[in-house]
2 protein chains.
Amino acid sequence: MFHHIYYIYILIYNMPTQAKENYLKAIYLLSRESIDVSITELSKKMCVSKPTSNNMVKKMEERGWLLYEKYKPIKLTTKGEKLGALIVRKHRLTEMFLSKVMGFGWEEVHDIAEQVEHISSIVFFDRMDKILGFPTLDPHGSPIPNREGEVLKVNYLKLGSIKEGQKVKLRGLENSSKDLLLYLNKKRIKLGTVLLIRHIETFDNSFEVLLEDNSTIVLTFDVCQSLLVEEI
Amino acid sequence: MFHHIYYIYILIYNMPTQAKENYLKAIYLLSRESIDVSITELSKKMCVSKPTSNNMVKKMEERGWLLYEKYKPIKLTTKGEKLGALIVRKHRLTEMFLSKVMGFGWEEVHDIAEQVEHISSIVFFDRMDKILGFPTLDPHGSPIPNREGEVLKVNYLKLGSIKEGQKVKLRGLENSSKDLLLYLNKKRIKLGTVLLIRHIETFDNSFEVLLEDNSTIVLTFDVCQSLLVEEI
DNA sequence: CATATTTGTTAGTCTAATCTAACTTATTAT
DNA sequence: ATAATAAGTTAGATTAGACTAACAAATATG
């Protein structure tokens, strides 16, 4: 008689709250960067106390989204992995939509997407996807997981590992901090920009780079390590 | 020394949570319909118990959003009125965006907007507004409050109050329930549709209406009371 | 190896938002 | 005018998500 109510209860129980979605996303992204996700690591990423993340991890384990043993790294289950990927999918699709359809700059999209990603409507994101022509990369060159949570493996190199004289195209960013994005704007560098490494200064590892407009700019090694490129 | 922290605290304290935004919106909309908002009324609208809405109303009064005296109707303050209007603004701008830019049907937009309206980014909604060309009405003909929370007064008539022989144009809806919208879709009636009242059946008050394609449809009085029209 | 440091856990508190049960105060109807 | 009904309130409980203080366990370091 009350089977329906039972199933609805189970359904709601298994829906991540906004907070849990954020934890899930954090664990997912850290894992993807091959970082061991400890309770401490997670609490740092989420800006919460250790007991808070500890507690959250236990609740998420109960829901079958991850496995955790004291002092061992947190491991997402298949279910948790998929949930995490789908949140990242919503985030990156939104970023792409904000950029391509609504005309926002790549430095503006993250903060807005951070809120939009928690919208549950599936049709909403499917429509974005369709309007965008089913993109595979977001405005920062990061891959958009597909509807099954599967991610295209992209294999770009850090500019810092490229040799003098090489010509490369900017394909992605290792970190998409607003500061970096604004810096790149100022230097007129965007995805697809062609860079020729004219000289690497051995003293401080800074890169002298020639742009297509024949202007030369100098990038610190730190910045170079944030730029993912493809040799051309 | 800690003045900044104090101000940030005050700022956050004065930001409505998602729940409070929903209460504010409900009170705002009920007030606009000239309905006396009692604790009971509010609890019904919000689908919560009376103690819950009672409690919430007290908290909102503390924040200076409304005035309440036992057994008397809830009255929004200027601040509360504006906050409420701005949430409705976000909701209706979103509906318009979903309809005009993303191609959703007018029966689909409400549920999605219900979530999007809680996004705090101001630039996000301003951009929607700009892309839409600063619309004043949503896809159901309801007015979109401006950035100051001011609302254009629209003065449409209920179809039910129109006399036989009159020709009218559909301008808005008294209630935008999904059922009504789907029904109107089926009858091929949308905003702007011209209706000629051919005959009013005295027996059940049903309206025999001629459409521009020369087809005749019969609308119950209830449906007629939900249709806001302009005489032409 | 012993100690210091880092990591994780426990216990207890807090706020927001919800509930139920039981009660009080108005209003309405007979 | 009084009893019945509706409206509002109080008290106490719950859950999610956060905190601090204090302690325990593992790892790292001198």
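The model shown is predicted, which means the values in this text are computed figures rather than measured ones. Order of the sequence lines fixes the chain letters, A, B, ..., with proteins taken first and strands second; residue numbering starts at 1 for each chain. Computation of the quantities below employed the complete heavy-atom set of this structure, encompassing side-chain atoms and omitting hydrogens, waters and symmetry-equivalent molecules.
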Trainee: Distance-only check: which donor-acceptor pairs under 3.5 Å involve side-chain atoms of residues 148-158 of chain B, not counting sequence neighbours?
Mentor:
residue: B:E150; atom: OE1; partner: B:N146; partner atom: ND2; Å: 2.8

Trainee: Would you mind telling me which of D:dA18, C:dA16, D:dA16 lies closest to the side-chain atoms of B:K20?
Mentor: C:dA16

Trainee: For A:D111, give me all partners under side chain to side chain contact (heavy atoms under 4.5 Å, CB included), at least two apart in sequence or on another chain.
Mentor: A:K178

Trainee: Should A:K50 be listed as having a side-chain N or O under 4.0 Å from OP1 or OP2 of D:dC19?
Mentor: no

Trainee: Residues of residues 25-47 of chain B with any non-hydrogen atom less than 4.0 angstrom from an atom of DNA chain C: list those, numerically ordered, please.
Mentor: B:C47

Trainee: OP1 or OP2 of D:dT10 less than 4.0 angstrom from a side-chain nitrogen or oxygen of B:K58, does that happen here?
Mentor: yes

Trainee: Could I get the full list of salt bridge (charged side-chain N to carboxylate O under 4.0 Å, His left out) partners for A:K72, not counting sequence neighbours?
Mentor: A:E69

Trainee: Taking 4.0 angstrom as the limit, do B:D129 and B:R147 come out as a salt bridge?
Mentor: no

Trainee: According to side-chain hydrogen bond (donor to acceptor under 3.5 Å, both in side chains), does anything in residues 219-229 of chain B pair up with another residue at least two apart or in another chain? List the pairs.
Mentor: B:N175-B:S226

Trainee: With sequence neighbours left out, which residue pairs that include part of residues 90-133 of chain B fulfil the ring pair (Phe, Tyr, Trp, His ring centres under 6.0 Å) condition?
Mentor: B:H91-B:H110

Trainee: Less than 4.5 Å apart, side chain to side chain, heavy atoms only: is that true for A:S142 and A:L137?
Mentor: no

Trainee: Could I get the full list of salt bridge (charged side-chain N to carboxylate O under 4.0 Å, His left out) partners for B:R171, not counting sequence neighbours?
Mentor: B:E230

Trainee: Consider the side chain of A:A19, meaning its heavy atoms from C-beta on, and name the nucleotide among C:dA21, D:dG17, C:dT18 that approaches it most closely.
Mentor: D:dG17

Trainee: I want to verify a distance call: between C:dT18, D:dT20, D:dG8, whose nearest atom is closest to the B:N55 side chain?
Mentor: C:dT18

Trainee: Report the distance from atom CG of A:L24 to atom P of D:dG17, rounded to the nearest whole Å.
Mentor: 12 Å

Trainee: Using a cut-off of less than 4.0 Å, is there contact between a side-chain N or O of A:S49 and OP1 or OP2 of D:dC19?
Mentor: yes

Trainee: Quick check on contacts: within residues 67-76 of chain A, what sits under 4.0 Å from DNA chain C by heavy-atom distance?
Mentor: A:Y68, A:K70, A:Y71

Trainee: Over how many whole Å does the gap from A:M56 atom CE to D:dT15 atom C1' extend?
Mentor: 12 Å

Trainee: Name the closest nucleotide to the A:T52 side chain, picking from D:dT10, D:dA18, C:dA17.
Mentor: D:dA18

Trainee: Rounded to whole Å, how long is the line connecting atom CD of A:Q18 with atom P of C:dA16?
Mentor: 17 Å

Trainee: Which donor-acceptor pairs under 3.5 Å do side chains of residues 36-44 of chain B form with protein atoms, sequence neighbours excluded?
Mentor:
residue: B:S38; atom: OG; partner: B:E41; partner atom: N; Å: 3.0
residue: B:S43; atom: OG; partner: B:I39; partner atom: O; Å: 3.3
residue: B:S43; atom: OG; partner: B:T40; partner atom: O; Å: 2.8

Trainee: Is there a side-chain polar atom (N or O) of A:K59 under 4.0 Å from OP1 or OP2 of D:dT15?
Mentor: no

Trainee: Looking only at the side chain of B:T17 (C-beta and beyond, no hydrogens), which of the listed nucleotides D:dT10, C:dA16, D:dG17 gets closest?
Mentor: C:dA16

